[in-house]
Amino acid sequence: MREKILSFRKKCRLISIRLPLLLVVGMIVIMVCVIVTVYHRFNDRMIDEYERLAEGITSLMVRELDVDRIDEYIDKNFEMPEYRDILEHFYDLRDNYPDVLFLYVYRFDKEGGHVVFDLDSETGGAADAPGDIYELDEATLPYEKQLCAGESVPAMTGKTPDGYLLSYFRPVYDSQGKCMCYACVDFSMDKLHRENIRFVLSSLGILFVVITVVLWINISVMRKSITGPINKMSKCTKKFAYDTEEERFGNIQIMEELDIYTRDEIEDLHGMFVNVMKESMLYMMNLNWAKNDIKDKEEEIGQIRRKAYKDDLTGVGNKAAYTNEVEKLTQEIADGTARFAIVMVDINNLKYVNDTFGHERGDDYIRGCCAIVCDVYMHSPVFRVGGDEFAAILTKGDYTNRKRLSEEIAALFEITYEQENAQAWERYSASVGMAEFRAEDESVEQVFKRADEAMYAAKTEFKKKYGSYR
């Protein structure tokens with residue numbers, strides 16, 4: 001059930017649903033407004049017509065009255081031939097105007113309305129006798145003061161025991177200008193309402209047909225020119241795939257094959273969408289080419305950088321790499337986190353090997369000595385800082401085991417040098433000196449200097465023991 005509700009909500013959000021629905025709702029609102037307006041206009045017009053009709057009828061009534069004899073009409077009434085003639089004339093008048101429900105003449109005072117003339121109702125109701133008092137109803141009660149004072153009052157509408165009526169009272173004045181009574185006429189508003197309803201229903205039927213036709217035409221045009229093309233593009237995008245470049249080109253082809261020729265903004269939108277896809281595709285291709293090019297350049301730069309910091313003969317770091325490492329250690333000293341040692345290695349008898357066996361064997365001799373240094377200090381960077389000099393910077397594990405490793409490297413060089421059966425360029429020998437960073441040291445150079453001094457002290461001992469060809 002929840003899935004159906006979500007699916008329904010999703011459909012309601014579609015522009016192909018919302019636009020026609022909005023159009024229908026708009027038309028309904030317009031239709032309701034038109035009907036309400038027409039109803040009130042027709043109702044007001046009918047009331048105006050009844051008021052004009054009432055003016056004419058009451059004017060004819062006043063012509064029949066001898067205003068100065070109103071009191072006599074009330075007292076003698078049917079005894080007077082004139083009274084009966086007037087009453088008969090009133091009946092004829094009512095018969096000539098089918099819309100009239102009641103015709104009567106009243107005199108108003110604080111007690112109510114005193115009957116001067118009254119007619120039997122067409123529905124069978126008996127007329128009130130002259131002199132009877134009529135209690136004011138809901139419609140006339142608000143105008144009690146004006147009626148008692150003989151003033152004009154507007155047409156009144158309201159509910160009475162005889163139904164919903166429109167009543168018109170015309171004041172009748174005597175020769176002295178005094179209001180003696182009111183000539184009154186009532187119209188049934190129920191009949192008026194029925195006529196209004198018939199008119200509204202007929203108007204509503206015509207308007208409904210017209211609006212239905214207009215809606216059908218508008219929705220058809222909308223589906224062809226707006227929602228239809230948009231739906232096509234929407235369904236098309238759901239088929240898009242983006243994994244490969246061929247699939248992305250296929251997306252563009254699918255969009256271009258849509259038959260959208262509306263010659264308006266929708267067609268322009270489709271064209272712009274296709275152009276954006278093409279430009280995006282071109283951008284992505286250029287971006288991929290640029291990424292690949294950058295990657296190749298970075299690899300080249302990396303190789304150049306590694307080569308710039310690498311010794312060509314031995315493959316260890318060169319003097320530039322050593323300088324870069326010194327800068328890092330200098331920062332650690334400034335931060336108070338420095339903890340390292342420097343090992344200086346100077347190759348023995350290199351001049352003898354070069355002079356006796358040539359520089360090619362001398363290079364072999366250098367590489368062999370470097371290999372021993374790298375094997376012992378395998379967890380620390382090793383640098384060739386001179387033709388026959390190497391430096392190792394010990395940190396972490398190698399720093400912790402620095403003394404043992406220092407003894408180990410010295411022993412290895414002594415063992416290889418004392419191999420008398422080996423070739424001279426294979427009897428690897430080097431003097432090694434080590435110095436640790438101290439709290440009072442202010443620079444790496446101070447540590448390097450002590451390591452260099454320790455190395456030269458070892459070289460002196462080597463010369464004392466084995467002599468020197470230098």
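All figures in this text were calculated on a predicted structure; none of them were measured in a lab.
Looking only at side-chain heavy atoms (C-beta outward), Pro130 and Phe78 come within less than 4.5 Å of each other. Residues Tyr168 and Ile57 form no side-chain contact, since every pair of their non-hydrogen atoms from C-beta on lies 4.5 Å or further apart. With a 4.5 Å cut-off on side-chain heavy atoms, Phe117 and Leu87 count as touching. Considering only heavy atoms from C-beta on, Val100 comes within 4.5 Å of Phe187 through its side chain. You'll find the side chain of Phe383 stays beyond 4.5 Å of the side chain of Val326, heavy atoms only. With a 4.5 Å cut-off on side-chain heavy atoms, Asp174 and Ile70 do not count as touching. No side-chain heavy atom of Leu93 sits less than 4.5 Å from a side-chain heavy atom of Glu64. In this structure, Asp66 and Glu72 have side chains that are not in contact, with every pair of non-hydrogen atoms separated by 4.5 Å or more.
A donor-acceptor contact shorter than 3.5 Å is absent between the side chain of Asn401 and the backbone of Leu405. Although no hydrogens or angles enter the test, the distance criterion places a donor-acceptor pair under 3.5 Å between the side chain of Asp120 and the main chain of Ala127. Asp441 places no side-chain N or O within 3.5 Å of a backbone atom of Gln446 that could act as its donor or acceptor partner. In this structure, the side chain of Asp398 engages the main chain of His379 through a donor-acceptor pair within 3.5 Å. Side-chain N or O atoms of Asn96 include one that pairs as donor or acceptor with a backbone N or O of Asp92 at under 3.5 Å. Side chain of Asn77 to backbone of Val116: no donor-acceptor contact under 3.5 angstrom is found. Judged purely by atom type and a 3.5 angstrom limit, Arg170 uses its side chain to pair as donor or acceptor with the backbone of Glu55. Without hydrogens or angle criteria, Arg107 side chain to Met180 main chain gives a donor-acceptor distance under 3.5 Å.
Taken to the nearest 0.5 Å, the CD1 atom of Ile217 stands 11.0 Å off from the OG1 atom of Thr212. Between Leu101 atom CG and Leu166 atom CG the span is 11.5 Å, to the nearest 0.5 Å. Atom OG1 of Thr337 sits about 9.0 Å away from atom CD1 of Ile333, to the nearest 0.5 Å. In this structure, OH on Tyr83 lies 14.0 Å from NZ on Lys76, to the nearest 0.5 angstrom. Taking CG of Asn324 as the start and CG of Asn318 as the end, the distance is 10.0 Å to the nearest 0.5 Å. Between the SG atom of Cys184 and the OH atom of Tyr134 there is a distance of 9.5 Å, given to the nearest 0.5 Å.
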Worksheet item: When you look at Glu82 and Tyr73, which way does the side chain to side chain donor-acceptor pair (under 3.5 Å) test go after all the steps?
Response: CA-CA 9 Å; Glu82 181 182 348; Tyr73 291 155; 2.6 Å; yes
Discussion item. One pair to check against side-chain contact (heavy atoms from CB on, under 4.5 Å): Val105 and Phe90. What are the steps and the verdict?
Written reply: CA-CA 10 Å; Val105 178; Phe90 284 174; 3.8 Å; yes
Worksheet item: So Asp186 and Ser167, side-chain contact (heavy atoms from CB on, under 4.5 Å) or not? Walk me through it.
Response: CA-CA 4 Å; Asp186 290 344; Ser167 301; 2.8 Å; yes
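In Glu88, the CD atom is not crowded: 12 or fewer heavy atoms of neighbouring residues, nucleotides or ligands sit closer than 6.0 Å. The number of heavy-atom neighbours closer than 6.0 Å to CD of Glu49, taken from other residues, nucleotides and ligands shown, is above 12. For Phe208, the CZ atom counts as loosely surrounded, since its 6.0 Å shell holds 12 or fewer non-hydrogen atoms of other residues, nucleotides or ligands.
Shown here for Lys110 and Cys148, the closest heavy-atom pair between the two residues is N-SG, 3.7 Å. Residue Ala392 comes nearest to Tyr377 through the heavy atom pair CB-CD1, 4.2 Å, listed as atom of the first residue, atom of the second, then distance. Of all the heavy atoms in Leu147 and Thr140, the pair that sits closest is CD1-O, 4.2 Å. Taking every heavy atom of both residues into account, Glu51 and Ala155 meet most closely at OE2-CB, 3.2 Å. Ala183 and Met61 make their closest contact through CB-CE, 4.1 Å (heavy atoms, listed as atom of the first residue, atom of the second, distance). In terms of heavy-atom proximity, Cys374 sits nearest to Val316 at SG-CG1, 3.5 Å.
Remark: Arg402 qualifies as a cation-pi partner of Tyr399 under the 6.0 Å distance and 45° angle criteria applied to the six-membered ring.
Using the six-membered ring where Trp is involved, Tyr106 and Tyr104 have ring planes that are tilted, between 30° and 60° apart. Taking the six-membered ring for Trp and thresholds of 30 and 60 degrees, Phe169 and Tyr182 have ring planes inclined between 30 and 60 degrees apart.
Among residue pairs with one or both ends in residues 325-334, those qualifying as side-chain hydrogen bond (donor to acceptor under 3.5 Å, both in side chains) are Gln331-Asp335; sequence neighbours excluded.
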